[in-house]
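Heads up: the structure comes next, in structure tokens.
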Amino acid sequence: MGEEISDKTIDNIFDRYINTSGLIFENREVLRHTYVPERLPHREKQYESLAAILAPTLVGESPSNVFEYGQTGTGKTAVTKAVLNILKNKCQEVNSNLKTCYLNCQIVDTTYRVFANLNESIGLQIPVTGLPTEVVYSRFVEALDALNCIFIVVLDEIDMLLRKSWDALYNLTRINSDLSKSKLSIIGITNNVKFKESLDPRVRSSLGEEEIVFSPYLAPQLKDILEDRCDIGFKPEVVDPSAIHIAAAFAAQEHGDARRALDLIRVAGEVAERNGITIVTDEQVRQARQIIERNTVAEVITTLPIQTKVVLTSIFEQISNHKSHNTTTGELYELYSDISKELMIDQLTQRRISDLINELEMLGIINCRVVSKGRYGRTKEISLSVPLREIKEVLSNDYRISEIIDRKRK
DNA sequence: AATCCACTGGAAAATACGGGCC
DNA sequence: GGCCCGTATTTTCCAGTGGATT
């Protein structure tokens, strides 16, 4: 690291990829799940329903609110975006004034930010923080009304919004009574089937005027999707049918997740590219699966905040030094305290560590189980769900932590 | 059956921070 | 500069608990 590389070398370094890459991908973007294709195989029904529901927009009437259910990778977002795109074009043709805004509530997850983003979508800048939420709301209402249009908000992962602030939803469903010239409709998207039951009854009836269900794709359907995309995404004859077959099968196991299927085939293509092969078969897909798995773990761990990393390090040390394959909150906290002192970082309370442990579990890096040891109390048994070696490898990339790990070895 | 450990996990309060407004 | 209004993170407090041991 830190060595000087001449421009010459850098020039050459990509050459071999230019040679092969041209032979594999036609258009890599098509193979990403963020790409919105014009045609979505096996989603014709949902496509039609959504179009029918939104059609009133064309004559200047506000459509009903819509609710979309379905697991990840079942095409909810893609169908919605595709339909909205077409609708926008059509609206222009017939001079109907339509504005849309897409929000992912996993990121935009507070009332304030929802309205700040909505403001932004109609060209009003709002500071990240500083204003009373009410002001942000009323500014939006005012600005929207002045536009004299139909406004469709897409709330993706809408259940995340509810967790922190249900009043954002409540306000949105009632906003039409504050508008005189414009109208607002909501498209809510979620993969949580129980979500609707947890809603406030008033919001529920308003939001659930129309419902569209997205069922998981079956293996043959995934195959169709992949074939479609591979046709445009790859050069002809590059993808062997066996690759598509197995990618579809893998993804079908994961609740019919088309996103996963696409990732698999794209990464398989990259594997072939790197190996200088010009054909993608089931072998590359198998490798791709491992790569994806490892990458997500590594990615998750490296982007962890330092405190959480230290907690993970403590678990790692606890398990690799001790012969047992699990540890408990109390033991872990003692070791954590030592390490945090040594690294001169804030020492958090056990309560907080308990939360961090839960976060790690949610990320799938560790397994937790609340067990009662009778007289000796009740605690959480913690074990790793990723191979020790992989954890060590990734943790060592953090210089602060690698010192700890190395020292313990001596 | 009663006890009691070593926590869990909810709730609220404290703290830090960023930024508008006057 | 002081105040207000937000978000985010952490601490403080504490009621609750599964089940081996007494």
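Below, chain A is the first sequence line, B the second, and so on; all start at residue 1.
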Heavy-atom closest contact (V141(A) atom, L179(A) atom, distance): O-CD2, 3.6 Å
Between L348(A) and R352(A), what is the shortest heavy-atom contact and its length? CD1-CG, 3.7 Å
I306(A) has an atom CD1; how far is it from atom C1' of dT9(C), in whole Å? 16 Å
Base, sugar-phosphate or nothing for Q347(A)? Non-hydrogen atoms, less than 4.0 Å. sugar-phosphate
Measure CG/D346(A) against P/dT10(C) and give the value in whole Å, please. 8 Å
Among dG10(B), dT8(B), dT11(C), the one nearest R351(A) by side-chain distance: dG10(B)
Taking the side chain of K380(A) as heavy atoms from C-beta outward, which of dT7(C), dT9(C), dT8(B) is closest to it? dT8(B)
Keeping N326(A) on the side-chain end and I382(A) on the backbone end, is there a donor-acceptor pair under 3.5 Å? no
Round to a whole Å and report the spacing from CD of Q307(A) to P of dT9(C). 12 Å
Round to the nearest Å and state the distance from E359(A) atom CD to dG9(B) atom P. 14 Å
Would you state whether a donor and an acceptor, one from the side chain of R375(A) and one from the base of dG18(C), lie under 3.5 Å apart? no
Could you work out which one of dG9(B), dT7(C), dC5(C) sits closest to the side chain of R113(A)? dT7(C)
Test item: Q221(A) side-chain N/O and L218(A) main-chain N/O as donor-acceptor pair under 3.5 Å: yes
Please confirm whether the shortest side-chain N or O distance from T349(A) to OP1 or OP2 of dT12(C) is below 4.0 Å. no
Rounded to the Å, how far apart are I353(A) CD1 and dT10(C) C1'? 10 Å
Less than 4.0 angstrom from a charged side-chain N to a carboxylate O is my criterion; do E270(A) and R266(A) meet it? yes
Kindly give the heavy-atom pair with the smallest separation between I150(A) and E61(A), and that separation in Å. CD1-O, 3.2 Å
d(CZ, R352(A); P, dA11(B)) in whole Å: 17 Å
On DNA chain B, nearest-nucleotide positions of K373(A) versus V370(A): which is more 5'? K373(A)
Generate the contact string for nucleotides 13-22 of chain B. Rules: B means base contact, S means sugar-phosphate contact only, - means no protein heavy atom under 4.0 Å. -----BBSS-
Phosphate-side-chain proximity, T110(A) and dT7(C), N/O vs OP1/OP2 below 4.0 Å: yes
Which is it for F234(A) and F25(A) under the ring pair (Phe, Tyr, Trp, His ring centres under 6.0 Å) test, yes or no, and what are the steps along the way? CA-CA 4 Å; F234(A) 284 99; F25(A) 291 109; 5.0 Å; yes
Between P of dG6(C) and OH of Y137(A), the distance in whole Å: 15 Å
NA contact type, T133(A), heavy-atom cut-off 4.0 Å: base, sugar-phosphate, or nothing? sugar-phosphate
Could you tell me how the ring of Y137(A) sits relative to the ring of F115(A): parallel (under 30°), tilted (30 to 60°) or perpendicular (over 60°)? perpendicular
Taking only the side-chain heavy atoms of Q350(A) (C-beta and beyond), determine which of dT9(C), dG9(B), dC7(B) contains the nearest atom. dC7(B)
From CZ of R378(A) over to C1' of dG9(B), roughly how many Å is that when rounded to an integer? 9 Å
